[in-house]
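The sequence lines fix the lettering, A, B, ..., with proteins before strands; numbering per chain opens at 1. Computed from heavy atoms alone, side chains included, the values below leave out hydrogens, waters and symmetry copies.
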There are 2 protein chains.
Amino acid sequence: MKLEKVSEEILNSIKNQYMCIVIGECFVSYQGRASSKLPRGKRLIIFKADSSVSIHENRLVRPTNYMTNSKTSCTTQTVDKKEELKLLSKNKAKETLEIIFYSVDDINTYDLPMSNDLRLSGSEKELNDALMDDLSFLEPGLKPINQQQSFRKGVCDIIAEDRDGKLVVIELKRRQADYGAVTQLKRYVEQVEKIKGKQTRGILLAPDIRKNAMELLQSYGLEYFSYDFEVGERSKIKGIGKSQQKLGDY
Amino acid sequence: MKLEKVSEEILNSIKNQYMCIVIGECFVSYQGRASSKLPRGKRLIIFKADSSVSIHENRLVRPTNYMTNSKTSCTTQTVDKKEELKLLSKNKAKETLEIIFYSVDDINTYDLPMSNDLRLSGSEKELNDALMDDLSFLEPGLKPINQQQSFRKGVCDIIAEDRDGKLVVIELKRRQADYGAVTQLKRYVEQVEKIKGKQTRGILLAPDIRKNAMELLQSYGLEYFSYDFEVGERSKIKGIGKSQQKLGDY
DNA sequence: GCTGGGAGAGGCTTA
DNA sequence: TAAGCCTTTCCCAGC
């Protein structure tokens, strides 16, 4: 396949925000936050309407190389009497992605909509909403006090009040809680204490917690509850377990 | 394009570990760790040799839907007098990905090697080595005392001794340091203090640090130095800057 | 096989 | 724009 033609088709596709798919023998070099070289080999290259470029090998979901928000330029050159097509993509962060094609097996351009229409459920946001609906099954008498308020820092924090009128910060995680989750909760609790000027409890709610994270949590005097959830059309929290720490209280 | 033929080509491609690329009108539904639905629309679907399936829209580097380690089966059915091709992919984690094709614009199969071409990264080891070679440009009189200790990727823990004989834990980050970096360093310092039984300094070395992380670091009494590095054939540290905190000392 | 942890993380939302 | 944070994170290396 004539590389001159390939160059034209790629540039035309980018200009018209089509999706361009190329299969060809290439060498890839990246310079930016890191630096990498992909030796000569046959690969799949995708140019999308949002100006992203991805290089895929015949394995893994993620591309081996990629660049987003790029401006791509093409030049054909002759090296050792052989034609080469050089694609240079740059972005604002001064990163560069260079693809050199030695030969192209196939190139196709498709007019696909640049839509974003995945409907995902089971996200933390959704679980958060489910939890907000009824905090009482976490602890009797617990009431949310910041349904809309935004003196919270993260997206999914709940500030509530327990039956004794004490403030409670709840951090919800949809996966095993790690060190970061604990320090995050600690920060929020401190922040709320500072703003409200009263002692505040902190509850970490997660399906599971790493051992060292649990230790840190306890040393901070925070509380942990495990929970189960079900994903589906509408995700829901199935049950709350008591943490060891909590058990010890009784 | 006849969906019966499409079905055959996809299954054949999977069997032979080719790469199969399909452009078609489809609906996608996923159930697993989360749950999602992608309404009918024209998309790119990639079947790779490692049995991964990805669905791409005309934007973003990452696929909207995907599945790895899957077993895929095909059935064609007729709904409302219209032919449909149903692909069902399952993996061991009991996750399911269902793609229903209403029409297929194009399908191509390519015999690409399932190689894992090493991406040579501007090596972090080199940054570690460069730093280890001469700690004195961080601070006069600083000497490493665990030259042989193993490094983890992306993180370099060095234990050194300053000119006053005090222990210094140094953590090197490749990227902007965040809360995690600070709490990590804090942990190491505490660990070393506990083991060695003597007061220990902690230095965070990173290209940049987030404002809040800086505050936390200072509240912990830790130190921060910024540095520049160059990636390329041989990565090297270009220079060490002094942190605001450090400047205040002088 | 499970788990801990980095990554050129990507990508999204809000200040 | 930067900061903060979630993710079906993906992926590898260690046990």
From CG of N65(A) across to C1' of dC11(D) the rounded distance in Å is 15 Å

- Query: Hey, do the aromatic rings of F225(B) and Y227(B) have their centres closer than 6.0 Å?
  - Reply: no

Picking from dG1(C), dG10(C), dC5(D), the nucleotide nearest the side-chain atoms of R187(A) would be dC5(D)

- Give T64(B) one of three labels, base, sugar-phosphate or nothing, depending on what nucleic acid heavy atoms sit under 4.0 Å from its own. base

Donor-acceptor pair under 3.5 Å, D178(B) side chain vs dG4(D) base
no

Margin query: Is the terminal nitrogen or CZ of R174(A) (NZ for Lys, CZ for Arg) located under 6.0 angstrom from the six-membered ring centre of F229(A) and within 45° of that ring's axis?
Written below: no

Considering only heavy side-chain atoms of V61(B), the closest of dG11(C), dC6(D), dG1(C) is dG11(C)

Distance between the P atoms of dT8(D) and dG4(D), in whole angstroms?
-> 23 Å

Nearest-angstrom distance, C1' atom, dG6(C) to dT7(D):
15 Å

message: Could you tell me how far dC6(D) sits from dA7(C) if I compare only their C1' atoms? Round to whole Å.
response: 15 Å

Considering only heavy side-chain atoms of R210(B), the closest of dA9(C), dT7(D), dG4(D) is dG4(D)

Quick note, Q184(A) side chain, CB onward, closest among dT8(D), dG6(C), dC6(D) is dC6(D)

Testing dA9(C), dC12(D), dT8(D) for proximity to the side chain of L118(A), the answer is dT8(D)

In R43(B), R59(B), K37(B), the residue satisfying salt bridge (Lys or Arg N to Asp or Glu O under 4.0 Å) with D117(A) is R43(B)

Quick note, Y30(A) side chain, CB onward, closest among dT7(D), dA9(C), dG8(C) is dG8(C)

From the list L217(A), L216(A), D178(A), side chain to side chain contact (heavy atoms under 4.5 Å, CB included) with T183(A) holds only for L216(A)

